[in-house]
Amino acid sequence: MPNQIEKFSLALIFLKNLTTYMQQELANIIDTATKNAQAVSQLSATHQFDLATAYEIQKLSISRRMERGEQLIGYKLGFTSRAKMEQMGVHEVIWGRLTDAMQIENGGALDFNKFIHPRAEPEIAFRVNRKIDSVIDMDNILDYITAVAPAIEIIDSRYERFKFSLEDVVADNCSSSAFVLGAWQEPQTSVQDLAITLKIKEATKQSGNSNAILGNPLVALVELSKMIVKYGEVIEAGAIVLAGAATSAEYIHQGDQVEAVFQDLGSVKLQVE
Ligand code: OOG
Ligand code: MG
């Protein structure tokens, strides 16, 4: 017969396993919703979980994509601008993972049918120069990047009506679904105080300034380093980092040509088909 202490530890093991099982189940729900382009209810409507667990669920759902052959090629930040925080009602900087299957070539096509309710937002991308496995700061920040590029991110929340809590959106890989990069520019190219416009069918839908991203988009890399260190992740040399949108996101539809134009950085576009 197990004694009290043994019973207690057995109960703890059982609870922990149940939790891991539950996390995997929730990761599967997100992964299936993504694959089938079928929205689901917010996970937080039926399960209570904290932010650390949300990041675990994100990791598990990306692992499923990687088991199907996708490669991890970078990271994205979310809610690095007030415009985005206010649009979505989430006020904390978050991070997600980018895989090769999410990348569309500049000027390429986005297959609308593979998405639920996609939105486009203008972003700035960095290519990482060397492994980041500790917290970095703004001193020597340029040593950590080899290039900068204009970008468009396509976000597609797997949740009905694009509504979520902080934990929901983190578990859903921060709505990441696709991205396009423009031509890479020299790392010294200033990313501060750049005018940005997002155009759909040549009409300007959003305009903003790169300083809306944490005061300086390079700060996003510093913030990412803090978060990945906390969650035991390492950024490899060559990784792409999306700094987060400077403006609100815009819904896109079949037939749209979507273009983001950046002062000094150039432009980037995609076609919705
Ligand atoms: C979450 C992702 C936010 C950004 O650039 O701020 C994000 C969402 O808005 O669905 O990618
Ligand atoms: Mg974004």
Side-chain angles (χ1 to χ4, degrees), residues 30 33-34 37 39-44 51 54-55 57-58 61-62 73-99 102-104 110 115-126 148-182 191 194 196-198 205-221 223-224 227-228 239-252 258 260 262 268 270:
I30 294 295
T34 312
V40 293
S41 329
Q42 291 179 36
L43 299 181
S44 65
L51 190 58
Y55 277 109
I57 297 168
Q58 177 191 129
S61 84
I62 295 298
I73 58 164
Y75 300 88
K76 63 159 282 182
L77 289 102
F79 306 128
T80 49
S81 68
R82 195 159 298 282
K84 280 292 305 184
M85 289 180 179
E86 266 152 30
Q87 185 180 33
M88 305 315 295
V90 174
H91 294 81
E92 209 168 301
V93 177
I94 57 176
W95 63 282
R97 295 166 164 92
L98 302 174
T99 76
M102 298 176 189
Q103 188 166 5
I104 296 170
L110 176 129
F115 298 82
I116 303 165
H117 37 206
R119 286 174 159 175
E121 50 189 28
E123 301 244 355
I124 288 175
F126 300 114
V148 303
I152 297 171
E153 186 184 23
I154 305 298
I155 50 172
D156 191 32
S157 176
R158 266 54 67 160
Y159 301 115
E160 288 154 358
R161 300 181 309 285
F162 228 113
K163 291 267 184 290
F164 42 69
S165 67
L166 168 68
E167 291 78 15
D168 283 320
V169 68
V170 164
D172 181 27
N173 197 29
C174 308
S175 310
S176 304
S177 68
F179 66 95
V180 196
L181 301 180
V191 292
L194 304 182
I196 302 174
T197 52
L198 178 72
K205 295 287 181 181
Q206 290 288 335
S207 36
N209 183 285
S210 63
N211 282 3
I213 306 161
L214 299 171
N216 175 354
L218 283 163
V219 174
L221 199 54
E223 291 306 311
L224 179 65
M227 296 187 287
I228 58 114
I240 294 161
V241 173
L242 294 179
T247 71
S248 298
E250 287 288 328
Y251 279 114
I252 55 174
V258 185
F262 296 73
V268 52
L270 65 86

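First listed ligand is number 1; within each ligand, the first listed atom is number 1.
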Exercise. Just wondering, do Phe162 and Arg119 contact through their side chains at under 4.5 Å, heavy atoms?
Worked result: yes
Seminar exercise, completed: Under 2.8 Å from the Mg ion (ligand 2), the protein N, O or S atoms found are Glu121 OE2, Glu123 OE2, Glu153 OE1
For this session: For side-chain contact (heavy atoms from CB on, under 4.5 Å), just list the numbers for Asn173 and Arg97, CA-CA rounded to whole Å, side-chain angles, deciding distance to a tenth of an Å, and then say yes or no.
Result: CA-CA 7 Å; Asn173 197 29; Arg97 295 166 164 92; 3.9 Å; yes
For this session: For the pair Glu123 (side chain) and Ile152 (backbone), establish whether a donor and an acceptor sit closer than 3.5 Å, ignoring hydrogens and angles.
Result: no
Enumerate the pairs of nitrogen or oxygen atoms, one from ligand 1 and one from the protein, separated by less than 3.5 angstrom; state names and distance to 0.1 Å.
| from | atom 1 | to | atom 2 | distance (Å) |
| --- | --- | --- | --- | --- |
| ligand 1 | 5 (O) | Glu121 | OE2 | 2.8 |
| ligand 1 | 5 (O) | Glu123 | OE2 | 3.0 |
| ligand 1 | 5 (O) | Ala245 | N | 2.8 |
| ligand 1 | 6 (O) | Phe79 | N | 2.8 |
| ligand 1 | 9 (O) | Lys84 | NZ | 2.8 |
| ligand 1 | 10 (O) | Ser175 | OG | 2.7 |
| ligand 1 | 11 (O) | Lys76 | NZ | 2.6 |
| ligand 1 | 11 (O) | Glu121 | OE2 | 2.9 |
| ligand 1 | 11 (O) | Glu153 | OE1 | 3.0 |

Side-chain donor-acceptor distances from residues 210-218 under 3.5 Å, at least two apart:
| from | atom 1 | to | atom 2 | distance (Å) |
| --- | --- | --- | --- | --- |
| Ser210 | OG | Val191 | O | 2.6 |
| Ser210 | OG | Asp193 | N | 3.1 |
| Ser210 | OG | Leu194 | N | 2.9 |
| Asn211 | OD1 | Asp193 | N | 2.7 |
| Asn216 | OD1 | Leu218 | N | 3.0 |

Exercise. Excluding sequence neighbours, so at least two apart, what forms salt bridge (charged side-chain N to carboxylate O under 4.0 Å, His left out) with Glu121?
Worked result: Lys84
Exercise. Can you tell me if Arg158 uses its side chain to pair, donor with acceptor, with the backbone of Asp172 under 3.5 Å?
Worked result: yes
Problem set entry | Heavy-atom check, side chain of Leu43 versus side chain of Tyr159, under 4.5 Å | yes
Exercise. With a 4.5 Å limit on heavy-atom distance, are the side chains of Ile154 and Leu270 in contact?
Worked result: yes
Exercise. Nearest heavy-atom pair of Val268 and Pro150: which atoms, and what distance?
Worked result: CG1-C, 3.9 Å
